[in-house]
Amino acid sequence: MSDIAPPVAALIEEFSKLPGVGVKTAQRLTFFILRSPTDQARRLAEAIMRVKESIIYCSRCFNITESDPCPTCSNPSRDQELICVVEEPLDVLALEKTGVYKGLYHVLHGALSPVEGIGPKDLRIDELLKRVKGNKIREVILATNPNFEGEYTADFIRRELKPLGVRVTGLARGLPIGGDLEYADEGTLSRALEGRRDM
Ligand SMILES: [Zn+2]
């Protein structure tokens, strides 16, 4: 790539750092930007910066938001006694798309992984326990990913919640095993939510 103009090489390099983007795709994206109108390229650059400058974490549910508490936490028509625990903000999007869930969320920002050295303190687990202790919570739904780390995390949280006397449920089977919640289709997710079982 030594003959490529440095700005082009730099953009290819930045794109290739994105998840799931190899060098070939990074080159395609770069040449797409080169051919696009200046306005479109500017909107992309500005959208990237806005995400970094205006997005914060909700101090209650830890979802990404522009205002704290987030619109979901401050919406009085949501069921304030029901918390759905997920790994990532993308999982919230996936569950919201089903239109079935009307409670609140709690975003852990990852899953426990003994292999990768990710422990309870690296996730928002203490914050969840505080939330359950300090509020009138009827049920906590554990909606971590249906893979090893996800199940391990759900099991850990279930044991921590047990002494608090709150009902703990898990999504029904039927989600693709080993997959991520965010990739499940809306029908499968709705059924998994509605068929949730006590843990
Ligand atoms: Zn929130």
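Indexing begins at 1, ligand by ligand and atom by atom, following the structure's order.
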- Between D68 and R60, does at least one N-O distance fall below 4.0 Å, as a salt bridge requires? no
- Is it true that E194 and R191 have a side-chain N and a carboxylate O under 4.0 angstrom from each other? no
- Message: If I only include protein atoms of type N, O or S, how many are less than 2.8 Å from the Zn ion (ligand 1)?
- Response: 4
- Query: Which heavy atom in L104 sits nearest to a heavy atom in C73, and how many Å separate them?
  - Reply: CD2-CA, 4.1 Å
- Does R159 pair with D155 as a salt bridge, N-O distance under 4.0 Å? yes
- Message: Before we go on, tell me: are the rings of Y152 and F156 under 6.0 Å apart, centre to centre?
- Response: no
- Message: The criterion is ring-ring contact (aromatic ring centres under 6.0 Å, His included); which residues satisfy it with Y57, sequence neighbours excluded?
- Response: H109
